[in-house]
Number of protein chains: 2
Amino acid sequence: MVTIGDVARRAGVSRSTVSYVLSGKRAISVATQHRIQEAIEELGFTPNAGARALATSQTMVLGLLLQFHADEFAPAMLQYVLPVSETARAHGYDILMVTDADGPRTIHRIGDSNMVDGFVLLDVTADDPRVPSLREVHQPGVLIGLPRDTHEVDAIDLDFTEAARILVDHLHERGHREIVLVTPPHHVVERGGSYVWRFRDAAIERAARYGIRIHAHYGEAQGSAVRRSMNQILDTWPDATALMVHNDATIAALPTILHERGIRVPDDLSVVSLYSRDFGEEFSLPFTAVESAAYELGHTAVSRLIERIQRGRESVPPQVQLIAPAITDRGSTRNLLPS
Amino acid sequence: MVTIGDVARRAGVSRSTVSYVLSGKRAISVATQHRIQEAIEELGFTPNAGARALATSQTMVLGLLLQFHADEFAPAMLQYVLPVSETARAHGYDILMVTDADGPRTIHRIGDSNMVDGFVLLDVTADDPRVPSLREVHQPGVLIGLPRDTHEVDAIDLDFTEAARILVDHLHERGHREIVLVTPPHHVVERGGSYVWRFRDAAIERAARYGIRIHAHYGEAQGSAVRRSMNQILDTWPDATALMVHNDATIAALPTILHERGIRVPDDLSVVSLYSRDFGEEFSLPFTAVESAAYELGHTAVSRLIERIQRGRESVPPQVQLIAPAITDRGSTRNLLPS
DNA sequence: TCATCCTGTCGAACCGGTTCGACAGGAGTT
DNA sequence: AACTCCTGTCGAACCGGTTCGACAGGATGA
């Protein structure tokens, strides 16, 4: 390993001078700069990250905490990981990715040993045990997902309440009076996935305001169960004119299911949904949907975190940010009103 | 931050004694051990990772290099990431995940600055530019995927050649004489995904040996194109009795496509495929398939890497390991022979 | 001409661990 | 009683950077 001392000797200067050339924190004559640059290139010098972290107490690494739930639809997670990684790198940070099941302990292990400068928490639940831990360590953190207690917390999520309203409004405007809502699975609720009830409650309330009958069901996440459950739901409510789906596994399987039943969209049944843009493209879903911008969420989260790291923890006030969703009309809803 | 010095002072011993208690590398009296343990707990001491890395030149971090190709079916990648992460953690290592497009530079950046103790390269192509870079840095690395030049390289992959033979044999034993093969998209070949031709060539050769007519086509990766291309292929070869699919996006869409065409499996058409177990479960695919154990690949790769890190680079000879695939019969092939 | 300021560089201390050699003192040997 | 050996602990050096204060020497100003 070639050290800063080797470079200094080669260039005939002291170690500190090399350091100042590297950081630019003090003026160094152009001639010396050139000699040092040459030495660096000739020797192939790269600063030792550990030593630098020790001296500066900055690691230029962000901790990304994610958990895989066996009962969850996996492809969704990746859509957040990529923008987090890319945004971090654009600011000179690397990503330490931890999938450990014990989140709180992980935060302390990583944080107390100073392996990272900050944390990104993915898929945060209502009473996520990681949130209090985050307050105990001295690195800042940002959440993707909304906990119940948002006091002094930096969080970002899609505005699921608004999303539900937009979709109900969309159906109401086209004269639908009875709709079926399929939400994420019930165990996601139990786990505390607040987006489930934020969307569900808002949809029910909005429907009630219009006098629309709405039948809310919990969907399934695993292949065969999805199909069975969906068929049962469709059997139960033959008069519903529209389907509102907030469940990736269900919407991915829906084209097949409807085809099997001989149901045409939108002639026989209208369908609206909520999924991320990437997801829709991946499965080329033909449904009118509110699209959650996973990229935007990940990108914004990391940008905010880095700003907070660099400007000091207290300079940037913590903030809960709800991203406004937008609807993309793909013509999967029928207008029942006389024109 | 509480340091080892604080602990030492509290326990009334020297810093080195605390260090020896932590590492167990020298005998320390039980009484002293207890005092130090108490001090550690009272003060909440956690060793600084940077300092430790500096002193030991060990970071206990592995670099995981992966690239996302926009034209690729994303869910597959995640199946490798999880076992890599879990296996690493089980051995006390964390994962630095880098998605940078410039692999060679990343390897040098991360490796030369001593941020990691070793590398895991995912989705390695035939002439992957990262492989030569891996030879230039002083950390060992392990590949998942097979490069053309396997000289002095530690790699692991599924035995795609054998997989193809197993599937052709399976169809041959049931009397099929004309089959259609759908491989991964053509741009994957251009990129150097050697698994494409390892599987394809072996299938064609094996079919030829039996005198089976085989029509090989490149599949698509994106939703709508998948369906279009598949329909076209089916139109072109109406007499084929079996379909052999080596493409995640195609096999995921196949139930829908076949249903739309009114084709029943296996009565009208036999289907065999190659996909990973997790993938099949995710989409509850009902096809007889050779299953690639992504978990096993990731797990084995990391285990080998860690052994090599700990036993010294030369102690463990580099090795190319091809995992033998196994077929799971789900009854999607019809027996055409008179019984 | 001398005090003052600025520029460029150096040496030393420091970050927080690990590890080696030294050594005190008690146990075991002869 | 003198010697050797073993156990437990300490001090100092080291890992490879950063940063602060000091200072030499030339430029500037009065």
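Please read these numbers as outputs of a predicted model, since none were measured by experiment. So that the names make sense, note that chain A is the first sequence line, chain B the second, and so on, each numbered from 1.
- A side-chain contact (heavy atoms from CB on, under 4.5 Å) with A:V320 holds for exactly one of A:I156, A:L146, A:D157; it is A:L146.
- Using a 4.5 Å cut-off on side-chain heavy atoms (C-beta onward), B:D149 and B:V131 make no contact.
- Regarding A:Q58, its CD atom lies at a distance of 11 Å from the P atom of D:dT18, rounded to whole Å.
- Atom-to-atom, CZ of A:R52 to C1' of D:dC15 comes out at 16 Å; the value is rounded to the nearest Å.
- Checking side-chain atoms of A:R311 against main-chain N and O of A:I306 turns up no donor-acceptor pair under 3.5 Å.
- Atom P of nucleotide C:dG8 and atom CD1 of A:I36 are separated by 13 Å, given to the nearest angstrom.
- Separating the CG atom of A:N48 from the P atom of D:dT18 is a distance of 10 Å, rounded to the nearest angstrom.
- The minimum heavy-atom distance linking B:Q67 with B:D100 is given by the pair CG-O, 3.9 Å.
- There is no side-chain donor-acceptor pair under 3.5 Å between A:S16 and A:S19.
- Here the side chains of B:I95 and A:L96 are not in contact, with every heavy-atom distance at 4.5 Å or above.
- For the residue pair B:T300 and B:S303, no side-chain donor N or O sits within less than 3.5 Å of a side-chain acceptor on the partner.
- By the 4.5 Å heavy-atom criterion applied to side chains, A:I323 and A:E296 are counted as neighbours.
- Phosphate proximity of D:dT18 to A:S19: present, with a side-chain N or O under 4.0 Å from OP1 or OP2.
- Here B:T56 lies in heavy-atom contact (under 4.0 Å) with sugar-phosphate atoms only.
- The phosphate of C:dT19 (OP1 or OP2) has a side-chain N or O of B:K25 nearer than 4.0 angstrom.
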Scan nucleotides 9-12 of chain D against the protein and return all N/O pairs shorter than 3.5 Å with their distances rounded to 0.1 Å.
residue : atom : partner : partner atom : Å
D:dT9   : OP1  : B:S29   : OG           : 3.0
D:dT9   : OP1  : B:T32   : OG1          : 2.3
D:dT9   : OP2  : B:S29   : N            : 2.8
D:dT9   : OP2  : B:S29   : OG           : 3.3
D:dT9   : OP2  : B:T32   : OG1          : 3.4
D:dT9   : O4   : B:R26   : NH1          : 2.8
D:dC10  : OP2  : B:S14   : N            : 2.8
D:dC10  : OP2  : B:S14   : OG           : 3.3
D:dC10  : OP2  : B:T17   : OG1          : 2.5
D:dG11  : O6   : B:S16   : OG           : 3.1

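- The closest side-chain heavy-atom distance from A:V153 to A:P318 is not below 4.5 Å.
- Residue B:N114 contributes atom CG, which lies 10 Å from atom P of D:dG17 at whole-angstrom precision.
- Taking only side-chain atoms of B:L54, from C-beta outward, the nucleotide of D:dT18, D:dG16, C:dT18 with the closest atom is D:dG16.
- Rounding to whole angstrom units, CE of residue A:M115 and C1' of C:dG16 are separated by 15 Å.
- Spacing between atom CE of A:M1 and atom C1' of D:dC14 amounts to 17 Å, rounded to whole angstrom units.
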Between the protein and nucleotides 23-26 of chain D, which nitrogen or oxygen pairs come in under 3.5 angstrom?
none

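- Comparing D:dT18, C:dT18, D:dT19 against the side chain of A:A55 picks out D:dT18 as the nearest.
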